[in-house]
Amino acid sequence: MSYVNSSQIPTATAERERNLLLSGFSYLEIAAITGAKVKTISERNRLVYKIDIWKAFERRIKTNGIANRLTIGDDFGYWFSGFFDGEGSIITFTRPCTGRSIYSEFRLGVRIQIRDDDTQAIVRIQDNLKVGRVSFHPRHGAGNPTVAWTCERIQDLGEVIIPLFDRYPLYTKKAKEYAIWKPVVLQRYIDTLGGYSNRHSIPEDHREAFYGAIEAISKIRDYRAGHK
């Protein structure tokens, strides 16, 4: 792409884009608002505006909070919370990236996996929350075939799952897991511009918090540790 300087950008366009960037909007959001291409906005910012969009996004979230996309009734909310208390699991782990082992992959999510003769329960979850994915798993050994609902997309975790558990709280030991997991999800939400970009490196203190969460949740799940 050729060099872009400020004189090549119409004044009104430049002012609008700059204001949106300073307000913490991602390139994808600005493209949707203005009709410009994501790569064009990115290049203009890199060469002309030079705004740290991660810091701007963090200011936006601290000021306005995270968007809430939860659209469910109380009947489903309380049912889901109770069902998750019994059958759900909170996902927090890290591993080397596939094909790029020098980089680490940080995974967060929630999951419910049950026998596939209760598929209607998983379908109900998918239909109401409108996030996550449904997968079927064949029989292994003497076990039964299963069906799972899994949500790992950072935007969905921040904008749907956290509002859900904040409104309809867990009561088993998963409540303790959630209290540890939630801040890590919120920080990851900020570090990825709401799940839009993974290009920004994770600060060391955020990595340490992630590893600390894995260890703390593991201790909660350790029956022996809980009875010392």
Q: Donor-acceptor pair, distance only, cut-off 3.5 Å: does the side chain of T192 make one with the backbone of R188?
A: yes
Q: Within a strict 4.5 Å, meaning less than it, do heavy atoms of the P203 and D191 side chains meet?
A: yes
Q: Side-chain heavy atoms nearer than 4.5 Å, only ILVMFWY residues, links allowed to pass through others: does that put I161 and F93 together?
A: no
Q: Are Y189 and L108 close enough, and set up right, to give a side-chain contact (heavy atoms from CB on, under 4.5 Å), and what steps lead you there?
A: CA-CA 11 Å; Y189 185 94; L108 294 159; over 6 Å; no
Q: Determine the minimum heavy-atom distance between A121 and I114, stating which atoms define it.
A: CB-CD1, 4.2 Å
Q: Treating Ile, Leu, Val, Met, Phe, Trp and Tyr as nodes and any side-chain heavy-atom pair under 4.5 angstrom as an edge, say whether V134 and V110 lie in one connected cluster.
A: yes
Q: W54 ring centre to R59 NZ or CZ under 6.0 Å, with the angle to the axis within 45°?
A: no
Q: For residues P169 and S81, report the shortest heavy-atom separation together with the two atoms involved.
A: O-OG, 2.8 Å
Q: If you look at every heavy atom in F57 and G24, which pair is closest and at what distance?
A: CD1-O, 3.2 Å
Q: CZ of R69: more than 12 outside heavy atoms within 6.0 angstrom?
A: yes
Q: Decide yes or no for F106 and T92: does some side-chain heavy atom of the first lie under 4.5 Å from some side-chain heavy atom of the second?
A: no
Q: Please check this pair: side chain of T150 against backbone of R133, looking for a donor-acceptor N/O pair closer than 3.5 Å.
A: no
Q: Between E43 and R46, is there a side-chain N and carboxylate O pair less than 4.0 Å apart?
A: yes
Q: How long is the straight-line distance from CD1 of I154 back to CD of Q187, given to the nearest 0.5 Å?
A: 11.0 Å
Q: Given 3.5 Å as the limit, does a donor-acceptor pair link the side chain of D85 with the main chain of L170, or not?
A: no
Q: Could E152 and R111 be called an ion pair, given the rule that one side-chain N must be under 4.0 Å from one carboxylate O?
A: no
Q: Just verifying a value: how many Å separate R153 CZ and E159 CD, rounded to the nearest 0.5 Å?
A: 8.0 Å
Q: Where do R107 and F210 come nearest, in terms of heavy atoms and distance?
A: O-CZ, 3.5 Å
Q: Measuring from T34:OG1 to F25:CZ, what's the distance to the nearest 0.5 Å?
A: 11.5 Å
Q: Take W149 and L129 through the test side-chain contact (heavy atoms from CB on, under 4.5 Å) and record every step on the way to the result.
A: CA-CA 11 Å; W149 169 82; L129 295 181; 3.8 Å; yes
Q: May I ask you to say whether K182 pairs ionically with D166, meaning some side-chain N is under 4.0 Å from a carboxylate O?
A: yes
Q: Test side-chain contact (heavy atoms from CB on, under 4.5 Å) on I180 and I220; report intermediate values, then the result.
A: CA-CA 10 Å; I180 295 167; I220 291 171; 3.5 Å; yes
Q: For Q155 and G194, which heavy atoms make the closest approach, and how far apart are they?
A: CB-O, 3.3 Å
Q: Under a single-linkage definition using a 4.5 Å side-chain heavy-atom cutoff for Ile, Leu, Val, Met, Phe, Trp and Tyr, are V131 and V123 assigned to the same hydrophobic cluster?
A: no
Q: State, yes or no, whether a side-chain contact exists between F76 and I72 at a heavy-atom distance under 4.5 Å.
A: yes
Q: Flag the pair Y27 / L193 as yes when at least one side-chain heavy-atom distance between them is below 4.5 Å, and no otherwise.
A: no
Q: Which distance, rounded to the nearest 0.5 Å, do you find between the CG of L157 and the CD1 of I91?
A: 8.5 Å
Q: From D117 CG over to T146 OG1, what is the distance, rounded to the nearest 0.5 angstrom?
A: 10.5 Å
Q: Can you tell whether the side chains of K173 and E177 come within less than 4.0 Å, N to carboxylate O?
A: no
Q: Could you grab the distance from atom CZ of F80 to atom CZ of F165, nearest 0.5 Å is fine?
A: 4.5 Å
Q: Which atoms form the tightest heavy-atom contact between G158 and V185, and what is the distance?
A: N-CG1, 4.3 Å
Q: Any side-chain to backbone donor/acceptor pair from N128 onto R124? Under 3.5 Å, distance only.
A: yes
Q: Between Y178 and W181, what is the ring plane arrangement, given parallel below 30°, perpendicular above 60°, and tilted in between?
A: tilted
Q: When you measure from the side chain of D116 to the backbone of T119, do you find a donor-acceptor pair of N or O atoms at a distance under 3.5 Å?
A: no
Q: Working note: Y168 + F84, criterion side-chain contact (heavy atoms from CB on, under 4.5 Å); need CA distance, chi angles, decisive distance, verdict.
A: CA-CA 11 Å; Y168 309 100; F84 192 90; over 6 Å; no
Q: Do the side chains of R60 and E29 get close enough for a salt bridge, i.e. N-O under 4.0 angstrom?
A: yes
Q: Donor-acceptor pairs under 3.5 angstrom involving side-chain atoms of residues 13-23: please list them, not counting sequence neighbours.
A:
| residue | atom | partner | partner atom | Å |
| --- | --- | --- | --- | --- |
| E17 | OE1 | R44 | NH1 | 3.2 |
| E17 | OE1 | Y49 | OH | 2.6 |
| E17 | OE2 | R44 | NH1 | 2.6 |
| N19 | ND2 | E15 | O | 3.2 |
| S23 | OG | N19 | O | 2.8 |

Q: If you count every heavy atom of other residues, nucleotides or ligands that lies below 6.0 Å from D75 atom CG, does the total exceed 12?
A: no
Q: Output, in order, the C-alpha distance, side-chain angles, deciding distance and verdict of salt bridge (charged side-chain N to carboxylate O under 4.0 Å, His left out) for D156 and K130.
A: CA-CA 9 Å; D156 296 336; K130 300 177 178 62; over 6 Å; no
Q: Are E215 and K219 ion-paired here, with the side-chain N under 4.0 Å from a carboxylate O?
A: yes
